[in-house]
Amino acid sequence: MLDVVRRTAEQVFIPFIVGGGISELDHIRQILGAGADKVSLNTAAVQKPELLTAGAERFGSQCMVLAVDAKWSETMATWEVYTHGGRTATGMAALDWVMEGERRGAGEILLTSMDCDGAKDGYDLSLTAAVAACVPIPIIASGGAGTREHFHSVLTEGKADAALAASVFHYKEISIADVKKYLAERGVAIREDRIEI
Amino acid sequence: MIVIIDYGVGNLRSVQNGFAEAGFTTVVSGDPRDLEAADGLVLPGVGAFGSAMDNLRQNQLHQVVRQQVNKGVPLLGICVGLQLLFERSEERGEHAGLGLLAGDVVQFQGELKVPQIGWNQLQMQREHPLLAGVKDGDYFYFVHSYYARPTAADVTLATSDYGIPFAAVVQHENIFGIQFHPEKSSRLGLRILQNFGRMVEC
(Lines give C-alpha, C1' and ligand atoms only; values in the text may rest on other atoms or scores of the structure.)
Protein backbone atom coordinates (compact mmCIF):
# COMPACT_ATOMS: atom_id res chain seq x y z
CA MET A 1 0.00 0.00 0.00
CA LEU A 2 2.66 2.53 1.01
CA ASP A 3 4.61 1.79 -2.14
CA VAL A 4 1.56 2.54 -4.28
CA VAL A 5 1.11 5.83 -2.42
CA ARG A 6 4.77 6.70 -2.94
CA ARG A 7 4.67 5.92 -6.65
CA THR A 8 1.42 7.83 -7.04
CA ALA A 9 3.01 10.90 -5.41
CA GLU A 10 5.78 10.75 -7.98
CA GLN A 11 3.29 10.99 -10.84
CA VAL A 12 0.36 12.97 -9.53
CA PHE A 13 0.68 16.68 -8.81
CA ILE A 14 -2.72 17.41 -7.38
CA PRO A 15 -3.93 16.59 -3.86
CA PHE A 16 -4.95 12.95 -3.49
CA ILE A 17 -6.83 10.99 -0.85
CA VAL A 18 -5.96 7.48 0.28
CA GLY A 19 -8.67 5.33 1.83
CA GLY A 20 -9.37 1.73 2.69
CA GLY A 21 -8.63 -0.16 5.88
CA ILE A 22 -7.03 2.71 7.75
CA SER A 23 -7.61 2.06 11.43
CA GLU A 24 -4.59 3.38 13.37
CA LEU A 25 -3.03 6.79 13.86
CA ASP A 26 0.27 5.34 12.73
CA HIS A 27 -1.24 4.22 9.38
CA ILE A 28 -2.27 7.81 8.82
CA ARG A 29 1.23 9.06 9.59
CA GLN A 30 2.79 6.56 7.19
CA ILE A 31 0.37 7.30 4.35
CA LEU A 32 0.81 11.07 4.64
CA GLY A 33 4.57 10.56 4.90
CA ALA A 34 4.48 8.58 1.65
CA GLY A 35 3.04 11.62 -0.12
CA ALA A 36 -0.74 11.44 0.20
CA ASP A 37 -2.45 14.71 1.11
CA LYS A 38 -5.45 13.28 2.87
CA VAL A 39 -6.76 10.02 4.25
CA SER A 40 -10.37 8.92 4.28
CA LEU A 41 -11.83 6.95 7.15
CA ASN A 42 -15.07 5.02 6.95
CA THR A 43 -15.59 1.89 9.07
CA ALA A 44 -12.77 2.75 11.48
CA ALA A 45 -14.27 6.17 12.16
CA VAL A 46 -17.58 4.56 13.14
CA GLN A 47 -15.86 1.99 15.33
CA LYS A 48 -13.35 4.42 16.85
CA PRO A 49 -14.58 8.00 16.39
CA GLU A 50 -11.63 9.14 18.55
CA LEU A 51 -9.38 8.25 15.61
CA LEU A 52 -10.88 11.20 13.71
CA THR A 53 -10.19 13.49 16.64
CA ALA A 54 -6.65 12.24 17.12
CA GLY A 55 -5.86 12.44 13.41
CA ALA A 56 -7.19 15.98 13.15
CA GLU A 57 -5.22 17.10 16.21
CA ARG A 58 -2.00 15.52 15.05
CA PHE A 59 -2.10 16.14 11.28
CA GLY A 60 -4.79 18.81 10.84
CA SER A 61 -8.40 18.73 9.63
CA GLN A 62 -7.28 19.44 6.09
CA CYS A 63 -6.11 15.84 5.74
CA MET A 64 -8.99 14.06 7.49
CA VAL A 65 -11.80 13.01 5.15
CA LEU A 66 -14.80 11.24 6.62
CA ALA A 67 -16.24 8.77 4.12
CA VAL A 68 -19.89 7.97 4.73
CA ASP A 69 -21.91 5.31 2.92
CA ALA A 70 -25.58 6.16 3.37
CA LYS A 71 -28.81 4.46 2.39
CA TRP A 72 -32.42 5.51 2.89
CA SER A 73 -34.09 3.59 5.72
CA GLU A 74 -37.89 3.35 5.72
CA THR A 75 -37.96 2.39 9.39
CA MET A 76 -35.69 5.26 10.48
CA ALA A 77 -37.33 7.64 7.99
CA THR A 78 -33.88 9.04 7.25
CA TRP A 79 -30.57 7.93 5.73
CA GLU A 80 -28.66 5.25 7.63
CA VAL A 81 -24.88 4.83 7.81
CA TYR A 82 -23.40 1.55 6.56
CA THR A 83 -19.87 0.27 7.13
CA HIS A 84 -17.67 -2.53 5.78
CA GLY A 85 -18.14 -1.49 2.18
CA GLY A 86 -21.91 -1.18 2.57
CA ARG A 87 -22.45 -4.61 4.13
CA THR A 88 -23.13 -3.61 7.74
CA ALA A 89 -26.02 -1.39 8.82
CA THR A 90 -25.14 0.68 11.87
CA GLY A 91 -28.50 2.07 12.98
CA MET A 92 -26.88 5.52 12.95
CA ALA A 93 -28.51 8.39 11.10
CA ALA A 94 -26.16 9.79 8.47
CA LEU A 95 -27.07 13.39 9.28
CA ASP A 96 -26.14 12.90 12.95
CA TRP A 97 -22.96 11.11 12.03
CA VAL A 98 -21.64 13.80 9.70
CA MET A 99 -22.23 16.42 12.39
CA GLU A 100 -20.31 14.36 14.93
CA GLY A 101 -17.56 13.76 12.38
CA GLU A 102 -17.24 17.47 11.71
CA ARG A 103 -17.11 18.24 15.46
CA ARG A 104 -14.36 15.67 15.82
CA GLY A 105 -12.27 17.38 13.17
CA ALA A 106 -13.14 15.90 9.78
CA GLY A 107 -12.23 18.48 7.13
CA GLU A 108 -14.34 17.06 4.33
CA ILE A 109 -17.13 14.53 3.81
CA LEU A 110 -16.99 11.96 1.04
CA LEU A 111 -20.65 11.03 0.80
CA THR A 112 -21.75 7.96 -1.13
CA SER A 113 -25.40 7.26 -1.79
CA MET A 114 -25.84 3.51 -1.77
CA ASP A 115 -29.29 3.94 -3.29
CA CYS A 116 -27.89 5.68 -6.36
CA ASP A 117 -24.45 4.09 -6.62
CA GLY A 118 -23.96 2.13 -9.82
CA ALA A 119 -27.29 3.12 -11.39
CA LYS A 120 -25.88 6.02 -13.46
CA ASP A 121 -29.23 7.69 -12.92
CA GLY A 122 -27.94 10.77 -11.17
CA TYR A 123 -26.65 11.66 -7.74
CA ASP A 124 -28.88 11.58 -4.67
CA LEU A 125 -29.66 15.28 -4.59
CA SER A 126 -31.82 15.21 -1.49
CA LEU A 127 -29.23 13.29 0.56
CA THR A 128 -26.39 15.53 -0.60
CA ALA A 129 -28.32 18.75 0.03
CA ALA A 130 -29.42 17.50 3.46
CA VAL A 131 -25.83 16.70 4.47
CA ALA A 132 -24.56 20.00 3.09
CA ALA A 133 -27.11 21.83 5.23
CA CYS A 134 -25.86 20.04 8.37
CA VAL A 135 -22.12 20.73 8.20
CA PRO A 136 -20.00 23.71 7.15
CA ILE A 137 -17.30 21.61 5.48
CA PRO A 138 -16.95 20.57 1.84
CA ILE A 139 -19.04 17.64 0.61
CA ILE A 140 -17.82 15.37 -2.16
CA ALA A 141 -20.89 13.69 -3.64
CA SER A 142 -20.52 10.15 -4.89
CA GLY A 143 -22.75 7.56 -6.48
CA GLY A 144 -24.93 7.82 -9.53
CA ALA A 145 -23.04 9.85 -12.10
CA GLY A 146 -24.11 8.93 -15.61
CA THR A 147 -24.21 12.14 -17.63
CA ARG A 148 -22.72 15.64 -17.62
CA GLU A 149 -26.07 17.00 -16.44
CA HIS A 150 -25.82 14.87 -13.32
CA PHE A 151 -22.61 16.64 -12.33
CA HIS A 152 -24.24 19.99 -12.85
CA SER A 153 -27.32 19.21 -10.78
CA VAL A 154 -25.38 17.83 -7.80
CA LEU A 155 -23.09 20.87 -7.73
CA THR A 156 -26.02 23.30 -7.88
CA GLU A 157 -29.29 21.83 -6.59
CA GLY A 158 -27.45 19.16 -4.57
CA LYS A 159 -25.25 21.79 -2.86
CA ALA A 160 -22.18 19.58 -3.19
CA ASP A 161 -18.73 21.17 -3.38
CA ALA A 162 -17.27 18.42 -5.51
CA ALA A 163 -18.52 15.43 -7.44
CA LEU A 164 -16.88 12.02 -7.63
CA ALA A 165 -17.30 9.61 -10.48
CA ALA A 166 -15.56 6.38 -11.19
CA SER A 167 -16.96 4.07 -13.85
CA VAL A 168 -18.10 6.74 -16.32
CA PHE A 169 -14.54 8.06 -16.37
CA HIS A 170 -12.77 4.71 -16.17
CA TYR A 171 -14.72 3.32 -19.10
CA LYS A 172 -14.45 6.66 -20.90
CA GLU A 173 -18.20 7.04 -21.28
CA ILE A 174 -17.65 10.72 -20.49
CA SER A 175 -14.36 12.59 -20.47
CA ILE A 176 -13.32 14.73 -17.53
CA ALA A 177 -12.46 17.57 -19.91
CA ASP A 178 -15.99 17.43 -21.33
CA VAL A 179 -17.61 17.60 -17.93
CA LYS A 180 -15.42 20.52 -16.89
CA LYS A 181 -16.21 22.41 -20.06
CA TYR A 182 -19.93 21.74 -19.65
CA LEU A 183 -19.85 23.00 -16.06
CA ALA A 184 -17.74 26.06 -16.82
CA GLU A 185 -20.19 27.07 -19.56
CA ARG A 186 -22.97 26.93 -17.00
CA GLY A 187 -21.23 29.17 -14.53
CA VAL A 188 -19.86 26.56 -12.11
CA ALA A 189 -16.44 27.67 -10.80
CA ILE A 190 -14.02 25.10 -12.12
CA ARG A 191 -10.29 24.91 -12.58
CA GLU A 192 -8.88 24.78 -16.05
CA ASP A 193 -5.53 23.08 -16.56
CA ARG A 194 -4.48 24.75 -19.74
CA ILE A 195 -0.77 24.10 -20.07
CA GLU A 196 1.69 21.29 -20.50
CA ILE A 197 5.21 21.59 -19.27
CA MET B 1 22.07 22.52 -7.30
CA ILE B 2 18.78 23.30 -5.58
CA VAL B 3 18.58 22.28 -1.92
CA ILE B 4 15.19 21.68 -0.31
CA ILE B 5 15.79 22.57 3.32
CA ASP B 6 14.97 19.66 5.62
CA TYR B 7 14.22 21.02 9.07
CA GLY B 8 11.96 18.32 10.36
CA VAL B 9 8.64 19.48 8.99
CA GLY B 10 6.15 17.72 6.82
CA ASN B 11 6.44 16.07 3.54
CA LEU B 12 9.39 17.32 1.51
CA ARG B 13 9.06 14.47 -0.92
CA SER B 14 6.16 16.08 -2.78
CA VAL B 15 8.18 19.24 -3.38
CA GLN B 16 11.08 17.14 -4.60
CA ASN B 17 8.77 15.12 -6.87
CA GLY B 18 7.36 18.36 -8.26
CA PHE B 19 10.81 19.72 -9.14
CA ALA B 20 11.73 16.36 -10.68
CA GLU B 21 8.64 16.48 -12.91
CA ALA B 22 9.55 20.07 -13.84
CA GLY B 23 12.99 18.86 -14.90
CA PHE B 24 15.14 19.76 -11.90
CA THR B 25 17.17 17.55 -9.62
CA THR B 26 17.07 18.65 -6.01
CA VAL B 27 18.74 17.56 -2.79
CA VAL B 28 16.81 17.34 0.47
CA SER B 29 19.14 18.28 3.28
CA GLY B 30 19.33 19.88 6.69
CA ASP B 31 23.14 19.97 6.67
CA PRO B 32 24.38 23.58 6.80
CA ARG B 33 27.27 22.65 4.47
CA ASP B 34 24.83 21.58 1.76
CA LEU B 35 22.91 24.82 2.16
CA GLU B 36 26.14 26.78 1.82
CA ALA B 37 26.95 24.96 -1.41
CA ALA B 38 23.49 25.45 -2.91
CA ASP B 39 22.73 27.57 -5.99
CA GLY B 40 19.10 27.80 -4.94
CA LEU B 41 17.22 27.14 -1.71
CA VAL B 42 13.68 25.99 -1.14
CA LEU B 43 12.07 26.46 2.24
CA PRO B 44 8.98 24.29 2.42
CA GLY B 45 6.70 24.49 5.38
CA VAL B 46 3.90 22.62 7.06
CA GLY B 47 2.65 23.10 10.58
CA ALA B 48 2.94 25.96 13.02
CA PHE B 49 5.10 29.03 12.43
CA GLY B 50 6.71 28.99 15.89
CA SER B 51 7.82 25.38 15.83
CA ALA B 52 9.05 25.76 12.25
CA MET B 53 11.28 28.67 13.33
CA ASP B 54 12.49 26.71 16.37
CA ASN B 55 13.44 23.83 14.12
CA LEU B 56 15.28 26.15 11.74
CA ARG B 57 17.24 27.66 14.63
CA GLN B 58 18.31 24.29 15.97
CA ASN B 59 21.09 23.80 13.45
CA GLN B 60 21.62 27.51 12.90
CA LEU B 61 19.92 27.00 9.54
CA HIS B 62 18.23 30.41 9.84
CA GLN B 63 21.69 32.03 9.85
CA VAL B 64 22.83 30.02 6.86
CA VAL B 65 19.67 30.93 4.95
CA ARG B 66 20.22 34.65 5.67
CA GLN B 67 23.88 34.43 4.65
CA GLN B 68 23.01 32.71 1.39
CA VAL B 69 20.28 35.21 0.57
CA ASN B 70 22.73 38.07 1.20
CA LYS B 71 25.10 36.43 -1.25
CA GLY B 72 22.35 36.50 -3.87
CA VAL B 73 21.27 32.84 -3.79
CA PRO B 74 17.58 32.55 -4.79
CA LEU B 75 15.33 31.43 -1.93
CA LEU B 76 11.80 30.10 -2.45
CA GLY B 77 9.49 29.81 0.56
CA ILE B 78 6.40 27.63 0.10
CA CYS B 79 3.27 27.91 2.31
CA VAL B 80 4.53 28.41 5.89
CA GLY B 81 7.90 28.85 4.15
CA LEU B 82 6.55 32.09 2.63
CA GLN B 83 5.31 33.21 6.04
CA LEU B 84 8.72 32.55 7.62
CA LEU B 85 10.28 35.11 5.25
CA PHE B 86 8.50 37.90 7.14
CA GLU B 87 9.32 39.58 10.45
CA ARG B 88 6.74 38.05 12.75
CA SER B 89 3.61 35.93 13.05
CA GLU B 90 0.74 35.99 15.50
CA GLU B 91 0.20 32.20 15.21
CA ARG B 92 -0.19 30.92 18.80
CA GLY B 93 1.60 33.84 20.39
CA GLU B 94 4.02 36.24 18.81
CA HIS B 95 6.96 34.63 16.96
CA ALA B 96 9.85 36.20 15.11
CA GLY B 97 10.42 35.04 11.54
CA LEU B 98 13.49 35.27 9.31
CA GLY B 99 12.81 38.97 8.73
CA LEU B 100 13.96 38.88 5.11
CA LEU B 101 10.83 40.77 4.06
CA ALA B 102 9.09 43.52 6.02
CA GLY B 103 5.63 42.63 7.24
CA ASP B 104 3.73 40.26 9.49
CA VAL B 105 1.60 37.13 9.35
CA VAL B 106 -1.97 37.15 10.66
CA GLN B 107 -4.96 34.82 10.79
CA PHE B 108 -8.00 34.97 8.51
CA GLN B 109 -10.98 36.58 10.25
CA GLY B 110 -14.62 36.65 9.36
CA GLU B 111 -17.28 34.38 8.03
CA LEU B 112 -15.28 32.01 5.88
CA LYS B 113 -14.06 28.72 7.18
CA VAL B 114 -10.47 28.60 8.41
CA PRO B 115 -8.23 27.00 7.24
CA GLN B 116 -8.74 27.79 3.60
CA ILE B 117 -8.46 24.36 1.98
CA GLY B 118 -8.80 24.12 -1.74
CA TRP B 119 -8.32 25.66 -5.15
CA ASN B 120 -8.38 29.42 -5.44
CA GLN B 121 -7.64 31.93 -8.18
CA LEU B 122 -4.75 34.35 -8.55
CA GLN B 123 -5.02 38.00 -9.40
CA MET B 124 -1.79 39.12 -10.97
CA GLN B 125 -0.31 42.33 -9.56
CA ARG B 126 3.08 42.54 -11.18
CA GLU B 127 4.83 40.64 -13.97
CA HIS B 128 7.82 38.54 -13.06
CA PRO B 129 9.61 35.53 -14.61
CA LEU B 130 8.57 33.43 -11.57
CA LEU B 131 4.99 33.57 -12.87
CA ALA B 132 5.77 33.22 -16.57
CA GLY B 133 2.96 31.22 -18.16
CA VAL B 134 0.49 31.98 -15.37
CA LYS B 135 -2.42 34.27 -16.05
CA ASP B 136 -5.07 36.11 -14.10
CA GLY B 137 -7.73 33.73 -12.79
CA ASP B 138 -5.61 30.58 -12.81
CA TYR B 139 -6.29 28.16 -9.94
CA PHE B 140 -3.82 26.92 -7.34
CA TYR B 141 -4.15 24.69 -4.28
CA PHE B 142 -4.09 26.39 -0.87
CA VAL B 143 -4.05 25.00 2.67
CA HIS B 144 -3.56 27.71 5.31
CA SER B 145 -5.08 29.62 8.21
CA TYR B 146 -2.64 32.55 8.21
CA TYR B 147 -1.49 34.93 5.53
CA ALA B 148 1.33 37.44 5.12
CA ARG B 149 0.86 41.20 5.04
CA PRO B 150 3.91 42.68 3.31
CA THR B 151 4.69 46.26 4.39
CA ALA B 152 5.75 47.22 0.87
CA ALA B 153 2.93 46.79 -1.63
CA ASP B 154 5.33 46.20 -4.53
CA VAL B 155 6.56 42.93 -2.96
CA THR B 156 3.31 41.24 -3.98
CA LEU B 157 3.38 39.55 -7.40
CA ALA B 158 -0.10 38.06 -7.12
CA THR B 159 -2.96 38.10 -4.66
CA SER B 160 -5.79 35.72 -4.04
CA ASP B 161 -9.11 36.42 -2.36
CA TYR B 162 -10.46 34.61 0.69
CA GLY B 163 -12.88 37.05 2.23
CA ILE B 164 -10.15 39.64 1.75
CA PRO B 165 -7.37 39.87 -0.83
CA PHE B 166 -4.08 38.50 0.48
CA ALA B 167 -0.53 38.06 -0.81
CA ALA B 168 -0.33 34.72 -2.62
CA VAL B 169 3.03 35.21 -4.34
CA VAL B 170 5.75 37.62 -3.18
CA GLN B 171 9.16 38.57 -4.50
CA HIS B 172 11.91 40.96 -3.55
CA GLU B 173 15.26 40.67 -5.34
CA ASN B 174 16.30 37.01 -4.88
CA ILE B 175 13.64 36.24 -2.25
CA PHE B 176 10.49 34.45 -3.42
CA GLY B 177 7.44 33.19 -1.55
CA ILE B 178 4.37 31.21 -2.60
CA GLN B 179 1.45 30.76 -0.20
CA PHE B 180 -0.17 27.90 -2.16
CA HIS B 181 1.36 24.51 -2.91
CA PRO B 182 2.84 24.59 -6.42
CA GLU B 183 3.75 20.91 -6.05
CA LYS B 184 0.03 20.13 -5.66
CA SER B 185 -1.32 22.61 -8.19
CA SER B 186 -1.02 20.48 -11.28
CA ARG B 187 0.75 21.72 -14.44
CA LEU B 188 0.57 25.42 -13.62
CA GLY B 189 2.14 24.78 -10.22
CA LEU B 190 4.93 22.75 -11.79
CA ARG B 191 5.46 25.55 -14.27
CA ILE B 192 6.24 27.90 -11.37
CA LEU B 193 8.74 25.40 -9.93
CA GLN B 194 10.28 25.21 -13.38
CA ASN B 195 10.46 29.00 -13.59
CA PHE B 196 12.25 29.09 -10.24
CA GLY B 197 14.64 26.34 -11.35
CA ARG B 198 15.50 28.30 -14.49
CA MET B 199 16.23 31.44 -12.48
CA VAL B 200 18.56 29.42 -10.25
CA GLU B 201 20.38 28.07 -13.28
CA CYS B 202 21.15 31.43 -14.84
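In what follows, every chain begins at residue 1, and chains take the letters A, B, ... in the order their sequences are listed.
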Interatomic spacing from CG in B:Asn17 to OG1 in A:Thr8 - rounded to 0.5 Å: 10.5 Å
B:Arg57, CZ atom: more than 12 neighbouring heavy atoms under 6.0 Å: yes
Closest approach of A:Gly35 to B:Ser14 (non-hydrogen atoms, all atoms of both residues): O-OG, 4.0 Å
From CZ (A:Phe16) to NZ (B:Lys184), nearest 0.5 Å: 5.0 Å
Side chain, backbone, both or neither of B:Ser186 within contact of chain A (heavy atoms, under 4.5 Å): both
Contact winner vs chain B - A:Ala9, A:Ser61, A:Ala162, heavy-atom pairs under 4.5 Å: A:Ala9
Side chains of A:Pro15 and B:Tyr141 in contact at under 4.5 Å (non-hydrogen atoms): yes
Atom CD of B:Glu94 with >12 non-hydrogen neighbours under 6.0 angstrom: yes
Pairwise side-chain hydrogen bond (donor to acceptor under 3.5 Å, both in side chains) hits with a residue in residues 132-149 of chain A, at least two apart: A:Thr112-A:Ser142, A:Thr147-A:Glu149, A:Thr147-A:His150
Per-residue contacts, residues 172-192 of chain A versus chain B, heavy atoms under 4.5 Å: A:Ala189, A:Ile190, A:Arg191, A:Glu192
Separation of B:Leu193 CG from A:Phe13 CZ (nearest 0.5 Å): 9.5 Å
Nearest-0.5 Å distance, CD1 of residue A:Ile14 to CZ of residue B:Arg187: 10.0 Å
Sub-4.5 Å side-chain heavy-atom contact between A:Val12 and B:Glu21: no
